[in-house]
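Working notes, structure below.
Note that the coordinates shown come from a computational prediction; the quantities given were computed from them, not determined experimentally.
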Amino acid sequence: DVDHPGVNNTFLSTTYDVRAILYNDKSILENHHLATAFSLMSRTDLDFLGQLPRAEFKQIRETVIEMVLATDLSQHFGLLASFKNKVNKTIAQTFDPKECREDRVILLKILMKCADVSNPTKEWPIYFPWCERVQEEFMRQGDLEKSLNLPVSPFMDRENINVPSSQIGFMDYVLLPLFEAVNKYIEVPHILGSLQANREHWYVLFFLKMG
């Protein structure tokens, strides 16, 4: 997330930000992160891949681009459906990331997505403070939207937010299906256990909030 502006793609597109214009409203932040990173790597003192043969560098660059673009949440459900379909074919031995580049790339995309949204899978003392930081970033965007007379994005209105409910929803609709799909390919019981434990923490806080 290098050079992240603290607002999401929708905000950048709605406000006609220069990055939205540059990337034609398509995966704006993800494209910006990639362009910024590879631009930095064009410096000789930062080009840690500079000694690779041109063909290998091209392949790595193509793969990294695909992986980072896959972290755009607008692609989440389509990518997850494709991965589930692939994993279900493992029984028939048709999903082979080691030998098939298409399979390898979809697996790398999924693993990148897991890393991108992994905070709720960490132990509560690590997860909760970062959750508060991310939530504050969201609410600052909401404040900015209000100041610009724009509709406030979902889960970003500090005057009308139920954090436990929003976190439980994110876990139920995004995280659990994602990590359960990964678990079918390679077992990740510790990750699923931490995720479920944090979900239970939020349920306690939800009921306390509701009185």
>> To check you understand the geometry: which heavy-atom pair defines the closest contact between Leu79 and Ala70, and what is its length?
In response: CD2-CB, 3.9 Å
>> Which residues pass the ring pair (Phe, Tyr, Trp, His ring centres under 6.0 Å) test with His76, not counting sequence neighbours?
In response: none
> Distance-only, no hydrogens or angles: does the Thr71 side chain make a donor-acceptor pair with backbone N or O of Met67 under 3.5 Å?
Replying inline: no
> Does any donor atom in the side chain of Arg104 or Thr63 lie under 3.5 Å from an acceptor atom in the other side chain?
Replying inline: no
> Under the side chain to side chain contact (heavy atoms under 4.5 Å, CB included) criterion, do Val204 and His201 qualify, and how do the steps go?
Replying inline: CA-CA 5 Å; Val204 172; His201 271 289; 5.9 Å; no
> side chain to side chain contact (heavy atoms under 4.5 Å, CB included) with Ser165: which residues, sequence neighbours excluded?
Replying inline: Asn162, Phe206
>> When you compare the side chain of Asp47 with that of Ser42, does any pair of heavy atoms fall below 4.5 Å?
In response: no
> Looking only at heavy atoms, what is the nearest atom pair of Asn198 and Pro120, with distance?
Replying inline: ND2-O, 2.7 Å
> Can you pull the salt bridge (charged side-chain N to carboxylate O under 4.0 Å, His left out) pairs that have at least one residue in residues 18-35, sequence neighbours excluded?
Replying inline: Asp17-Arg19
Table please: side-chain donor-acceptor pairs of residues 127-135 below 3.5 Å, with sequence neighbours left out.
from: Tyr127; atom 1: OH; to: Gln167; atom 2: OE1; distance (Å): 2.7
from: Tyr127; atom 1: OH; to: Trp202; atom 2: NE1; distance (Å): 2.6
from: Gln135; atom 1: NE2; to: Phe155; atom 2: O; distance (Å): 3.1

>> Using side chain to side chain contact (heavy atoms under 4.5 Å, CB included), reason through Thr15 and Leu150 one step at a time and then give a plain yes or no.
In response: CA-CA 9 Å; Thr15 57; Leu150 297 172; 3.9 Å; yes
>> Other members of the hydrophobic cluster containing Tyr16, with the 4.5 Å side-chain heavy-atom rule, please.
In response: Ile21
>> Once side chain to side chain contact (heavy atoms under 4.5 Å, CB included) is applied, do any residues pair with Ile186, and if so which ones, sequence neighbours excluded?
In response: Val182
>> Test: salt bridge (charged side-chain N to carboxylate O under 4.0 Å, His left out). Region: residues 158-167. Which pairs qualify, not counting sequence neighbours?
In response: Glu136-Arg158, Asp143-Arg158, Lys146-Glu159
> Would Phe179 and Phe95 show up in the same hydrophobic cluster when neighbours are defined by side-chain heavy atoms closer than 4.5 Å?
Replying inline: yes
>> Please enumerate all residues that pass side chain to side chain contact (heavy atoms under 4.5 Å, CB included) together with Ser153, with sequence neighbours excluded.
In response: Gln141, Glu145, Met156
>> Between the side chains of Glu66 and Lys113, is the shortest nitrogen-to-carboxylate-oxygen separation below 4.0 Å, so that they form an ion pair?
In response: no
>> Once salt bridge (charged side-chain N to carboxylate O under 4.0 Å, His left out) is applied, what residue pairs with a partner in residues 1-16 remain, sequence neighbours excluded?
In response: none
>> Counting C-beta onward and ignoring hydrogens, is there a side-chain heavy-atom pair between Leu107 and Phe83 closer than 4.5 Å?
In response: yes
>> Quick check against the 3.5 Å criterion: does Asn88 have a side-chain atom that pairs as donor or acceptor with the backbone of Lys84?
In response: yes
> Should Phe170 and Val152 be counted in the same cluster of Ile, Leu, Val, Met, Phe, Trp and Tyr side chains packed under 4.5 Å apart?
Replying inline: no
>> Tell me if a side-chain donor or acceptor on Asn31 pairs with a main-chain N or O of Ser27 at a distance below 3.5 Å.
In response: yes
> In the hydrophobic clustering (ILVMFWY, side-chain contacts below 4.5 Å, transitive), which residues join Leu40, or is it alone?
Replying inline: Leu46
>> Evaluate Asp45 against Arg43 for salt bridge (Lys or Arg N to Asp or Glu O under 4.0 Å), listing each step before the verdict.
In response: CA-CA 5 Å; Asp45 59 325; Arg43 289 172 39 182; 2.7 Å; yes
> What pairs of residues pass the salt bridge (charged side-chain N to carboxylate O under 4.0 Å, His left out) test when at least one of them lies in residues 160-187, not counting sequence neighbours?
Replying inline: Asp172-Arg199
> Do the side chain of Ser13 and the main chain of Asn9 share a donor and acceptor less than 3.5 angstrom apart?
Replying inline: no
> When clusters are formed by joining ILVMFWY residues with side-chain heavy atoms under 4.5 Å apart, either directly or through shared neighbours, do Val117 and Phe138 land in the same one?
Replying inline: no
>> side chain to side chain contact (heavy atoms under 4.5 Å, CB included) for Leu12 and Thr14? Distances and angles first, verdict last.
In response: CA-CA 6 Å; Leu12 294 174; Thr14 300; over 6 Å; no
> Can you check whether Leu29 reaches Pro5 side chain to side chain, under 4.5 Å on heavy atoms?
Replying inline: yes
>> Enumerate the ring pair (Phe, Tyr, Trp, His ring centres under 6.0 Å) contacts for residues 22-51, please, sequence neighbours excluded, ordered by first and then second residue.
In response: His4-His33
